[in-house]
Amino acid sequence: MGVISVQLVVTMVMASVIQKIIPHYSFARWLLCSGGLRWYQHPSDDELRSLAGKLQKGKNKKDRKYNGHIDNKPMTIPKDIDLQLETKCIAEVDTLALHYFPEFQWLVDFTVAATVVYLITELYFCVAEPSGEMNISVVWCLLVLAFVIKILFSLTAHYFKLEEGGERSLCITFAFFFFVKAMAILIVTENYLEFGLETGFANFSESAVQFLENQGLQSQGPISKLTFKLILALLCSLIGAFLTFPGLRLAQMHLDALTLTTGKVTQTFLHINFLAPLIMVLLWVKPLTKDYIMNPTLGKESVPLMSEQTFDTLRLWAILLLCALRLAMMRRHLQAYLNLAQKAVQQMKKEAGRISTVDLQKMVARVFYYLCVIALQYVAPLVMLLHTTLLLKTLGGHSWGVYPEEDQPCPLHVNSEAAAVTEAPAAPTVTGAGSGSGAGAVSVAQLSVALGGLRTVFSPLLFRGLLSFLTWWIAACLFSTSLFGLFYHQYLMAA
């Protein structure tokens, strides 16, 4: 291996692309500005005055002297006014006024860059088959997940600051609900939900005890199973609280998108998109999917159709295809949200009384200004699912190819690293040349042995179980909140 590896070169090139090119050719800006999304413009004071049949007041000398402070009462108009909102395609200059647009642009563009790095790295590992080299795409995926958590935390904190509306109570209620749900899921046996958590944790504990004993330390294990599951349940509760409002918003946009769409094919894709988290959840339910697909009962005999490794690969591909479908349906959902301005005006016309022009303009303009907040609530769970799946493939030792076990084309990255670990203790000792260089070589050898021991502690079995559970949990939280939002908007709001 050269002084600068291929992965480091790819990382440096992508960092330059993020800094120099992406600000001018942004995928996030293209999603908003090049897809025909139309937003409703709020009417001006003159338009509302003319529709209400009021003549514009002229300023006398006294009014000009006090600059309008004498008559500061806001103008009101009837709610049943014949108002027709004008629409306009979203332009790049319009995005400057959107709340959370920098966060949306950074998350989407960095996710695209990280995904490209992942694809190049996967191709490099399949072609070159390097041994003992860390997969740097893992770092990119972890950075993406960190940015997603940060953005979801900021959005949830924004709801917590609202004194009225019940958002804070709703978020806390769902957090406790998901904590109890996670504790219940974690006691389900592997015969029903085959995450591999039990096997991964057992392997982790045994490897950690052996590693500590090799270092001259006596230990019963780094952490007990109860503590491990309690920490995992707290993490699941936090994820569920973050995904509460994205799920509720998705349900409303789904209903509005169905009313706007007349094509049967598009409606079918919208239904599949809404049920995508449920499909992901069922992929880990062993009696419903794995047992029927791998060993279907044909007559009196059960004929195995595929191996377990092939089923794991197909499960990864199914998640990626559902994520691609959700991205393809994004603009239809955003347009359904933008139409809420016209929907609010139509609802206002059915009411009696009067409304101030300022309140009417705020009601219409607020929908467009919070477009990026809604876009983040739609994209963030998608990004979490995508890159958790990519981490599951890489750290869990899975493969992208659907081949029999003996015909796997690319060796697993973790296996190559494990081979390097077994070779690390056999590093040659330096003799002769000098005490300084000899001591440095010994230190490097000792560090290699220590890192090799850590690689055996954090094995693919642990990552496979942990990341499988987290991927399943994100999909389960998103579907649970979306289902509750569907029930709320379909039945409770209608009542």
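For clarity, every value in this text was computed on a predicted model and none was experimentally measured.
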Report the residues that fulfil salt bridge (charged side-chain N to carboxylate O under 4.0 Å, His left out) with Glu103, sequence neighbours left out, ordered by chain and then residue number. none
With no hydrogens and no angle check, just 3.5 Å: does a side-chain donor-acceptor pair link Tyr118 and Thr394? yes
Answer yes when Lys290 and Glu308 have at least one side-chain N-carboxylate O distance shorter than 4.0 Å, and no when they do not. yes
Under 3.5 Å, is there a donor-acceptor pair linking the side chains of Ser137 and Asn135? yes
Let me check something: any side-chain donor-acceptor pairs from residues 226-233 under 3.5 Å, sequence neighbours excluded? List them with distances.
from	atom 1	to	atom 2	distance (Å)
Thr227	OG1	Ser224	OG	2.8
Lys229	NZ	Leu186	O	2.9
Lys229	NZ	Glu198	OE2	2.8

Is it true that Arg249 and Gln252 share a donor-acceptor pair across their side chains at a distance under 3.5 Å? yes
Side chain to side chain contact (heavy atoms under 4.5 Å, CB included) partners for Ala475, two or more places apart: Pro277, Met280, Val281, Leu385
Is the ring pair His333/Tyr378 parallel, tilted or perpendicular, if the boundaries are 30 and 60 degrees? tilted
Check this for me: does any side-chain nitrogen of one of Arg315 and Asp312 sit under 4.0 Å from a carboxylate oxygen of the other? yes
Restricting to side-chain hydrogen bond (donor to acceptor under 3.5 Å, both in side chains), what partner residues turn up for Thr87, sequence neighbours left out? Arg38
Please name all residues satisfying salt bridge (charged side-chain N to carboxylate O under 4.0 Å, His left out) with Lys343, sequence neighbours left out, ordered by chain then number. Asp256
Look at the side chain of Thr389 and the backbone N and O of Leu316, then say whether any donor-acceptor pair between them is shorter than 3.5 Å. no
Between Val144 and Thr115, is any pair of side-chain heavy atoms under 4.5 Å apart? no
Do the numbers put Arg464 on top of the ring of Trp284, so that NZ or CZ is under 6.0 Å from the six-membered ring centre and no more than 45° off the axis? no
Can you check whether Leu143 reaches Phe110 side chain to side chain, under 4.5 Å on heavy atoms? yes
For the residue pair Trp473 and Leu243, establish whether any side-chain heavy-atom pair is separated by less than 4.5 Å. no
In terms of the angle between their ring planes, are Trp106 and Phe147 parallel, tilted or perpendicular, with boundaries placed at 30° and 60°? perpendicular
Among residues at least two apart in sequence or on other chains, which ones pass side chain to side chain contact (heavy atoms under 4.5 Å, CB included) with Thr95? Cys33, Ile90, Leu98, Phe101
Evaluate the ring planes of His254 and His271, with Trp represented by its six-membered ring, and classify them as parallel (under 30°), tilted (30 to 60°) or perpendicular (over 60°). perpendicular
